[in-house]
Amino acid sequence: MLGAMSDPSAHAPLVMAVSWMLTVVLVLAAVIDGWKLKVPNWLTFPLILLGWGCSWAMFGWSGLWASFQGTAVGLGLLLPAYAIGGMGAGDVKLLAGVGAWLGMTDTLWAFVISAVVGAVLAVGMVLYRGAWKHHQQQFMEIVQEILTVRNPEELAARAAERKPQMLLLPYGIPIAIGTITYFVYGGMLL
């Protein structure tokens with residue numbers, strides 16, 4: 001929806017309302033993901049569908065198109081990691097839902113911040129557990145597999161075998177922190 005606005009400053013109350021609504025949904029998703037290591041469909045699917053519907057209702061076909069583009073960017077950014085077993089489907093759908101409301105550019109920037117937050121959290125988790133050597137070795141194995149094994153199904157199978165030994169990061173948390181940080185930085189919550 002925000003991606004369909006030709007002049008977001010002219011729609012400041014709408015931008016703020018959407019940003020606050022997404023903030024509430026993202027905090028809920030982060031709490032659930034942190035608790036259950038899963039972002040539920042009952043949260044992600046309505047987020048996507050309502051983003052499309054509201055974008056169309058408020059901005060017509062151009063709004064719907066911007067919403068579809070944002071959804072595609074959200075999916076496209078995380079789908080490769082999901083395809084090789086490195087991320088849950090709920091995380092992918094959560095970013096797609098963010099995209100349905102924000103459009104392409106804002107979704108891309110929210111993702112960039114989320115990726116940085118995710119990297120910092122992952123390193124922090126590994127350091128906290130004192131397992132740097134173990135996870136460094138796993139990371140190098142994963143990178144080597146990605147570069148040499150070209151079959152996504154084989155990569156996913158290897159990831160599934162390795163999963164019980166891995167420290168899992170509920171990625172809904174970095175998505176929430178990154179997107180909300182983007183809102184704050186962009187003045188969309190104030």
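Basis for what follows: all heavy atoms, side chains included, without hydrogens, waters or symmetry-related copies. Residue indices begin at 1 and follow the sequence shown.
A distance-only check finds a donor-acceptor pair linking the side chain of Trp101 to the backbone of Leu47 [under 3.5 Å]. Remark: side-chain polar atoms of Thr44 are not paired, donor with acceptor, to backbone N or O of Leu94 under 3.5 angstrom. Judged purely by atom type and a 3.5 angstrom limit, Asp91 has no side-chain atom pairing as donor or acceptor with the backbone of Val39. Panel note: side chain Ser55, backbone Leu64; no donor-acceptor pair is recorded below 3.5 Å. Looking at Trp20, its side chain does come within 3.5 Å of a backbone N or O of Leu189 through a donor-acceptor pair.
What you find for Leu26 and Ala176 is that their closest heavy atoms are O-CB, 3.4 Å. Here the shortest heavy-atom pairing between Gly88 and Tyr82 reads C-CD1, 3.8 Å. When every heavy atom of Val15 is checked against every heavy atom of Met188, the shortest pair comes out as CG1-CG, 3.7 Å. Considering all non-hydrogen atoms of both residues, Ser114 and Pro174 come closest at OG-O, 3.2 Å. The minimum heavy-atom distance between Leu95 and Gly74, with the atom names listed, is CD2-O, 3.7 Å. When all heavy atoms are compared, the tightest approach of Pro170 to Asp33 is C-OD2, 3.1 Å.
Note that the CH2 atom of Trp61 and the CZ atom of Phe68 stand 8.0 Å from one another [nearest 0.5 Å]. Residue Lys93 holds its NZ atom at 12.5 Å from CG of Leu78, rounded to the nearest 0.5 Å. In this structure, the separation between CG on Leu49 and OG1 on Thr71 is 9.5 Å, given to the nearest 0.5 Å. Separation of atoms CD (Gln69) and OG1 (Thr105) is listed at 9.0 Å; rounding is to 0.5 Å. We find the OG1-CZ distance between Thr107 and Phe111 to be 11.5 Å, quoted to the nearest 0.5 Å.
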Please set out all donor-acceptor pairs under 3.5 angstrom arising from side-chain atoms of residues 177-185, sequence neighbours excluded.
| unit_1 | atom_1 | unit_2 | atom_2 | d |
| --- | --- | --- | --- | --- |
| Thr179 | OG1 | Ile175 | O | 2.8 |
| Thr181 | OG1 | Ile177 | O | 2.6 |
| Tyr182 | OH | Asp106 | OD1 | 2.4 |

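Leu75 and Phe45 fall into different hydrophobic clusters, where Ile, Leu, Val, Met, Phe, Trp and Tyr side chains are chained together by heavy-atom contacts under 4.5 Å. In the hydrophobic clustering of this structure, Met21 groups with Val98; members are Ile, Leu, Val, Met, Phe, Trp, Tyr whose side-chain heavy atoms approach within less than 4.5 Å, directly or through other members. Hydrophobic clustering (ILVMFWY, side-chain heavy atoms < 4.5 Å, transitive): Val92 and Trp42 are in one cluster. The hydrophobic clustering, which links ILVMFWY residues whose side-chain heavy atoms are closer than 4.5 Å, places Met125 and Tyr171 together. No single ILVMFWY cluster, assembled from side-chain heavy atoms under 4.5 Å apart, contains both Ile32 and Val24.
Applying the salt bridge (Lys or Arg N to Asp or Glu O under 4.0 Å) test to every pair with at least one member in residues 131-147, sequence neighbours left out, gives these pairs: Glu145-Arg158, Glu145-Arg162.
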Pair Ile173-Val117, side-chain contact (heavy atoms from CB on, under 4.5 Å): steps then yes or no: CA-CA 9 Å; Ile173 295 172; Val117 169; over 6 Å; no
